[in-house]
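In what follows, every chain begins at residue 1, and chains take the letters A, B, ... in the order their sequences are listed.
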Amino acid sequence: MAAPLVRACGFCAVKLQRGGWCSKYVLISTNTFAFTIVRPTTVSPQSKPSPRKNDPKQWVGVVGLEIHAQIHSNTKLFSGARVQFSAPPNSLVSFFDASLPGTLPVINRRCVEAAVMTSLALNCSINKKSLFDRKHYFYADLPAGYQITQHRLPIAVNGSLSYSHLVGQKWNQAVVKTVRIKQIQLEQDSGKSLHDDTRKQTLIDLNRAGVALMEIVMEPDMSCGEEAAAAVRELQLILQALGTCQGNMAEGQLRVDANISVHQPGDPLGVRTEVKNINSARFLAKAIDFEIQRQIDVLVNGGVVHNETRTFDFKLGQTIPMRDKESLQDYRFIPEPNLPPLIVYDNESTPVNADPQQVINIDLIRKNLPELPSAKRTRLVDQYGILPEHSFVLVSEDGLTEYFVSVLQETKAEPKKVIGWVIKELLALLKHYSLTVSQSHISPSSLAELLNLLEMGVISSPAAKQVFLLMWKECDKSPQQIVKEQDLGLVQNEKILEEICQNVLDGHLEEVAAIKKGNKRVLNKLIGLVQKEMKGRADPIMVKTLLERKIS
Amino acid sequence: MFYKMACRRSEGSAIRNVILSLLRPKNPRQGIGNGRRMEGLRNVHVDHKLNRAACTTHSYSKVPPIPAWKPVGETPLSLVYSVSPDLVDRMERLALVDFGNHEGVVRLQCAITFAEQLHVVDTEGVEPMDSVLEDMQLYLRVDRVIEGNCAEVLLSLPTKIVEEFYVAPPERPRCCSREERPDGCRKSTLSGPFLPSADP
């Protein structure tokens with residue numbers, strides 16, 4: 001029996017070839033019955049691995065995403081069956097989706113328009129002529145044995161997506177990054193399979209078979225999970241603004257697969273693995289970071305990363321290899337024989353006397369594109385003078401911009417103050433109770449009333465916060481009612497204030513002495529004490545003037 | 001067209017047969033004629049309308065009067081393709097065909113060698129035609145629900161269903177296990193059981 005060339009290190013169980021290193025020891029020789037392990041100190045310097053390899057900080061992750069977005073349309077891509085998320089099994093299936101013989105694909109105009117809109121929003125160049133192909137593989141949820149996709153000539157190529165990545169210690173600095181988009185193509189979805197392991201069978205539901213998908217392939221320009229999550233979030237906002245996809249990852253309308261590899265800067269790209277089954281943006285960041293770290297650990301320990309498909313188990317927070325595909329899948333692409341090329345036109349090339357229903361005009365679609373999130377953010381900053389980070393939050397939260405605008409309309413307060421209230425107070429409460437903006441207990445007009453009271457000086461700022469919390473709990477009372485009930489109105493009666501100020505000054509003679517000497521900061525402490533006495537209802541300016549007058 | 005005209009005009013099957021035999025070209029690669037008198041026709045009066053049709057349409061025939069093709073000759077050895085057992089194994093799994101025995105593999109080899117003759121043709125600067133529909137316009141359908149809701153019909157087709165779902169075995173289908181395969185295929189180096197793979 002030949003001596004094995006690979007041994008397991010007895011100390012850390014990592015497989016080694018002769019001359020290979022695990023974290024501590026090197027394997028010098030192997031023979032049938034024994035192998036020698038030598039400690040690093042006795043080995044000549046040349047055979048030591050470069051310290052760079054063992055330093056985890058030098059490794060850089062490379063992440064590329066493939067995103068499948070389900071097009072929001074009434075019917076499927078090639079058949080006239082309805083598209084709906086939950087429905088009785090196999091009730092939304094036409095004969096073509098079940099791939100019964102004698103059926104032919106008829107493309108849905110709305111899906112082509114959606115693909116063109118998305119491509120224009122992502123700055124892609126649109127191929128005026130695109131072709132359909134068949135991608136063959138056998139799986140139970142693909143009744144035809146092939147999927148109609150666009151392999152050779154997709155509908156759009158070479159775009160870009162700009163997203164903001166929050167960095168800095170307090171996540172308040174936004175760095176704008178761009179990821180290139182390789183191509184966008186139209187393809188069919190497969191059905192759903194439910195595995196019943198007890199009875200060793202798989203149940204197939206074809207409701208989803210044939211639904212139109214846009215596959216958006218991104219170049220591997222990202223380097224960590226945060227960036228990928230930010231890019232996906234931005235894409236979600238764009239698709240939702242366009243109306244081409246509802247972007248609900250939980251319902252499977254937006255599916256993300258990540259291709260992850262690690263390498264050292266300057267070296268060629270490493271072997272990549274594919275991570276599938278990521279159900280939410282939060283898990284996306286976790287899965288990618290875990291996989292990058294796992295690959296770094298493997299490489300630092302002298303192992304080899306295999307090209308495989310892994311799935312993310314969110315309960316364990318780990319990626320696990322899927323049952324691996326043996327050798328590369330060969331999809332045997334052929335041109336789809338039943339579909340002519342898809343031609344889209346622009347203003348110059350539109351044929352005269354053509355039926356408008358049969359013509360897709362890119363320029364017309366570009367003209368009618370709705371406001372994209374990036375444009376909305378800049379408009380909010382220009383129109384209302386708020387900070388870019390604030391507009392970022394406004395656009396990210398569904399419905400928050402409309403809330404902000406309606407509050408502004410009814411109040412005289414400045415946008416900067418309103419934005420502070422909306423983001424810090426309202427959003428914090430919404431997040432605490434996991435509610436959406438539409439479910440908020442406080443309507444825009446109530447918040448506007450409260451802010452008006454604050455502006456007019458009826459209540460002080462800390463009192464306003466108290467009123468806000470009370471308004472949340474008691475939804476039907478107006479701010480003025482609450483102020484009256486809780487007696488939170490600003491006290492501006494000089495006599496009462498004078499009395500309390502005097503009491504405070506008498507009780508803190510040392511501080512008075514310190515202020516007289518020149519330490520002005522102690523004054524704030526005294527003001528705080530007065531406010532405490534008055535339960536936050538004292539007019540701060542008046543208190544300060546009174547105290548200063550008394551001391552000097 | 002000639003056949004129909006012959007039927008319309010002849011009253012008896014005998015006359016029809018004669019006219020048909022005249023109109024059928026002697027050599028499959030040869031056209032019907034240049035309107036000259038055909039052999040054996042001296043005493044038969046061919047209907048002048050037929051004749052006129054024969055005279056006027058021959059010039060539009062795309063079939064050349066003299067065959068223009070040449071055989072390719074011996075297939076150069078460089079194009080002879082040899083099919084390895086690995087390839088046979090892979091193709092059986094990918095395309096779910098059963099090559100059965102050594103004869104099947106040999107037949108496949110011959111088929112590939114025959115198709116390789118295409119490489120002799122010079123296609124420099126010629127755009128390949130990949131679809132006969134390239135001049136047609138793709139019809140765009142309105143986004144309105146017109147089908148679906150036929151679960152009963154669809155579920156009446158398979159022999160076994162479970163609560164309105166189709167049923168599939170958990171493993172991907174394959175033709176036969178490796179032990180059952182004849183000698184030619186057993187030398188394949190692809191190892192391991194046939195595992196089901198998830199969505200590609």
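- At least one donor-acceptor pair closer than 3.5 Å links the side chain of B:R141 to the backbone N or O of A:V106.
- At least one donor-acceptor pair closer than 3.5 Å links the side chain of B:D143 to the backbone N or O of A:T75.
- Proximity to chain B (any heavy atom under 4.5 Å) is restricted, for A:F78, to the backbone atoms N, CA, C and O.
- Counting heavy-atom pairs closer than 4.5 Å to chain B, the top residue among A:S94, A:P89, A:A140 is A:P89.
- Heavy atoms of A:I343 lying under 4.5 Å from chain B are absent altogether.
- Other residues, nucleotides and ligands contribute over 12 non-hydrogen atoms within 6.0 Å of the OH atom of A:Y345.
- Few gaps surround CD on A:E251; more than 12 heavy atoms of other groups in view lie less than 6.0 Å from it.
- For chain B, no part of A:L142 is nearby; none of its heavy atoms comes within less than 4.5 Å.
- Residues B:L133 and A:L339 form no side-chain contact, since every pair of their non-hydrogen atoms from C-beta on lies 4.5 Å or further apart.
- Distance alone, capped at 3.5 Å, places no donor-acceptor pair between the A:N74 side chain and the B:V145 backbone.
- In this structure, CD on B:E147 lies 9.5 Å from NZ on A:K76, to the nearest 0.5 angstrom.
- No more than 12 heavy atoms of other residues, nucleotides or ligands lie within 6.0 Å of CZ in A:R82, so this atom counts as exposed by the packing criterion.
- For the atom pair CZ (B:F165) and OG1 (A:T202), the distance works out to 12.0 Å, reported to the nearest 0.5 Å.
- Using a 4.5 Å cut-off between heavy atoms, A:N338 contacts chain B through its backbone alone, with no side-chain atom that close.
- Counting all heavy atoms, side chain and backbone alike, A:A81 lies closest to B:G148 at CB-CA, 4.4 Å.
- Panel note: side chain A:Q358, backbone B:L140; a donor-acceptor pair is recorded below 3.5 Å.
- Note on A:K129, A:E336, A:R152, A:H136: by heavy-atom pairs under 4.5 Å with chain B, the leading option is A:R152.
- Only the backbone of A:P337 comes within contact range of chain B, with at least one heavy atom under 4.5 Å from a heavy atom of that chain.
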Quiz item: For B:Y166 and A:N90, what are the C-alpha separation, side-chain angles and deciding distance, and is it a side chain to side chain contact (heavy atoms under 4.5 Å, CB included)?
Solution: CA-CA 9 Å; B:Y166 290 105; A:N90 290 313; 3.7 Å; yes
Self-check item: Verdict with reasoning, A:I107 to B:Y139, per side chain to side chain contact (heavy atoms under 4.5 Å, CB included)
Solution: CA-CA 7 Å; A:I107 198 169; B:Y139 176 74; over 6 Å; no
Would you be so kind as to tabulate the donor-acceptor pairs closer than 3.5 Å made by side chains of residues 149-164 of chain B, with sequence neighbours excluded?
residue, atom, partner, partner atom, Å
B:S156, OG, B:V153, O, 2.6
B:K160, NZ, A:Q201, OE1, 3.3

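- Residue contact with chain B, scored on non-hydrogen atoms closer than 4.5 Å, is absent for A:I334.
- Between the side chain of A:R332 and the backbone N or O of B:L94, at least one donor-acceptor pair lies under 3.5 Å.
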Quiz prompt | Chi angles and distances behind the side chain to side chain contact (heavy atoms under 4.5 Å, CB included) call for B:V167, A:I204 | solution = CA-CA 6 Å; B:V167 180; A:I204 308 291; over 6 Å; no
